[in-house]
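What you see below is based on every heavy atom in this structure, not just the backbone, and it leaves out hydrogens, waters and symmetry mates. Note that this is a predicted model, so its numbers are computed, not measured.
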Amino acid sequence: MTTPNKTPPGADPKQLERTGTVREIGSQAVWSLSSCKPGFGVDQLRDDNLETYWQSDGSQPHLVNIQFRRKTTVKTLCIYADYKSDESYTPSKISVRVGNNFHNLQEIRQLELVEPSGWIHVPLTDAHKKPIRTFMIQIAVLANHQNGRDTHMRQIKVYTPVEESSIGKFPRCTTIDFMMYRSIR
């Protein structure tokens, strides 16, 4: 019997942002959870600290709901999981669903994770490889490693593509010095 390969970690999402091709938009959304232990909720999921985490407190599936006020283009979802720290709390099967509201969500991705340790990049694209446009994203943890009951997720980031300038084609600002001056206030 062969052991499945471990899920390889993706690049740090901050590197994606530095390229100037994507922007993190999680702060523009309303976040809710199916359950959480006190002190282990949305604030910990979004605090940019890999040492803190959301911990569910209920039956599966464990849900993270991300709702936008208007239809939003979303290119990538990044989830940080760490099997070494979380063991049986680490998700092993995740479903990503999108839609206008809770009543019409459709699954667009299902991931099988094997002892993940790092960022997991989930492209959210349609059949034509274009970023999706949606009001809502739902991440459902369907199973954990070692048949664990509750789950830990350390961070979730949501990225939209950066629009091309309508004034003209300008080179991308990729260094921190250039990025400070890339927009007019």
Side-chain angles (χ1 to χ4, degrees), residues 5-34 36 40-56 61-68 71-86 89-99 105-126 129-145 151-163 172-174 176 179:
N5 291 336
K6 290 184 181 181
T7 303
D12 183 345
K14 297 279 185 202
Q15 291 175 337
L16 292 176
E17 287 184 69
R18 284 187 204 113
T19 65
T21 59
V22 295
R23 181 171 50 92
E24 211 281 331
I25 55 169
S27 61
Q28 297 174 13
V30 176
W31 293 66
S32 62
L33 305 167
S34 56
C36 69
F40 296 91
V42 172
D43 292 341
Q44 289 70 33
L45 193 57
R46 296 284 303 152
D47 66 3
D48 282 327
N49 182 351
L50 299 179
E51 300 302 313
T52 62
Y53 50 85
W54 159 56
Q55 181 174 335
S56 63
H62 305 298
L63 306 174
V64 177
N65 302 302
I66 307 164
Q67 294 175 277
F68 296 98
K71 203 165 203 174
T72 303
T73 302
V74 181
K75 182 177 183 176
T76 307
L77 193 62
C78 294
I79 302 168
Y80 191 89
D82 189 359
Y83 180 77
K84 289 181 186 115
S85 297
D86 300 328
Y89 290 91
T90 309
S92 63
K93 191 173 190 180
I94 294 176
S95 168
V96 179
R97 306 160 182 168
V98 297
L105 292 171
Q106 293 188 348
E107 183 177 270
I108 59 167
R109 292 276 184 276
Q110 192 170 94
L111 304 162
E112 296 277 343
L113 306 175
V114 181
E115 298 182 10
S117 183
W119 288 101
I120 299 139
H121 295 255
V122 184
L124 301 182
T125 54
D126 62 16
K129 302 291 182 202
K130 298 245 189 242
I132 59 159
R133 289 189 44 78
T134 188
F135 280 102
M136 182 174 179
I137 301 169
Q138 184 178 75
I139 302 164
V141 177
L142 306 176
N144 289 328
H145 284 78
T151 199
H152 285 181
M153 274 196 199
R154 294 186 170 264
Q155 293 292 301
I156 298 176
K157 303 283 184 192
V158 184
Y159 289 96
T160 188
V162 172
E163 300 292 322
R172 293 236 181 254
C173 301
T174 56
I176 293 172
M179 289 177 77

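- Counting only N and O atoms by type, the side chains of Arg23 and Thr160 include no donor and acceptor under 3.5 Å apart.
- Two residues are said to be in side-chain contact when any heavy atoms from C-beta on lie closer than 4.5 Å; Pro116 and His145 meet this criterion.
- If you take CG on Asp126 and CZ on Arg133, they are separated by 11.5 Å, rounding to the nearest 0.5 Å.
- Looking only at side-chain heavy atoms (C-beta outward), Glu24 and Glu17 come within less than 4.5 Å of each other.
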Determine whether Ile132 and Val98 satisfy the following criterion, side chain to side chain contact (heavy atoms under 4.5 Å, CB included), listing intermediate values before the conclusion.
CA-CA 9 Å; Ile132 59 159; Val98 297; 3.4 Å; yes

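- Between Ile137 and Val158 the shortest side-chain heavy-atom distance falls below 4.5 Å.
- Here CG of Asn144 is found 12.5 Å from NZ of Lys93. Values are rounded to the nearest 0.5 Å.
- Note that the CD1 atom of Ile94 and the CD1 atom of Ile79 stand 4.5 Å from one another [nearest 0.5 Å].
- The structure places NZ of Lys71 at 6.0 Å from CZ of Phe135, a figure rounded to the nearest 0.5 Å.
- Interatomic distance, Glu51 CD to Gln44 CD, rounded to the nearest 0.5 Å: 13.5 Å.
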Determine whether Ile25 and Thr72 satisfy the following criterion, side chain to side chain contact (heavy atoms under 4.5 Å, CB included), listing intermediate values before the conclusion.
CA-CA 9 Å; Ile25 55 169; Thr72 303; 3.5 Å; yes

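- The closest side-chain heavy-atom distance from Tyr80 to Leu50 is below 4.5 Å.
- When all heavy atoms of Gly99 and Leu105 are compared, the closest pair comes out as N-CD2, 3.6 Å.
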Checking side chain to side chain contact (heavy atoms under 4.5 Å, CB included) for the pair Trp54/Leu33: CA distance, chi angles, key distance, verdict?
CA-CA 9 Å; Trp54 159 56; Leu33 305 167; 3.4 Å; yes

Please set out all donor-acceptor pairs under 3.5 angstrom arising from side-chain atoms of residues 106-113, sequence neighbours excluded.
unit_1	atom_1	unit_2	atom_2	d
Glu107	OE1	Ser95	OG	2.6
Glu107	OE1	Gln110	NE2	3.2
Arg109	NE	Pro123	O	3.1
Arg109	NH2	Pro123	O	3.2
Arg109	NH2	Thr125	OG1	3.3

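- Between His152 and Tyr53, the ring planes lie parallel to each other; the angle is under 30°, not in the 30° to 60° tilted range.
- Counting only heavy atoms from C-beta outward, the side chains of Trp31 and Val64 approach each other to under 4.5 Å.
- To the nearest 0.5 Å, the span separating CG on Leu77 from CD1 on Ile139 amounts to 4.5 Å.
- Using a 4.5 Å heavy-atom threshold, the side chains of Ile66 and Met136 count as separate.
- The minimum heavy-atom distance between Ile156 and Arg46, with the atom names listed, is O-NH1, 2.8 Å.
- Two residues are said to be in side-chain contact when any heavy atoms from C-beta on lie closer than 4.5 Å; Gln55 and Tyr89 meet this criterion.
- In this structure a side-chain-to-backbone donor-acceptor pair under 3.5 Å is present from Ser92 to Ala143.
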Passes side-chain hydrogen bond (donor to acceptor under 3.5 Å, both in side chains), Asn49 versus Gln155? Steps please.
CA-CA 8 Å; Asn49 182 351; Gln155 293 292 301; over 6 Å; no

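- Salt bridge Arg154/Asp86: present, at least one basic N to carboxylate O contact under 4.0 Å.
- Under the 4.5 Å side-chain criterion, counting only non-hydrogen atoms from C-beta, Leu16 is not in contact with Lys157.
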Start with the C-alpha gap between Trp119 and Asp12, add the side-chain angles, then the distance that decides, and say whether side chain to side chain contact (heavy atoms under 4.5 Å, CB included) holds.
CA-CA 7 Å; Trp119 288 101; Asp12 183 345; 3.9 Å; yes

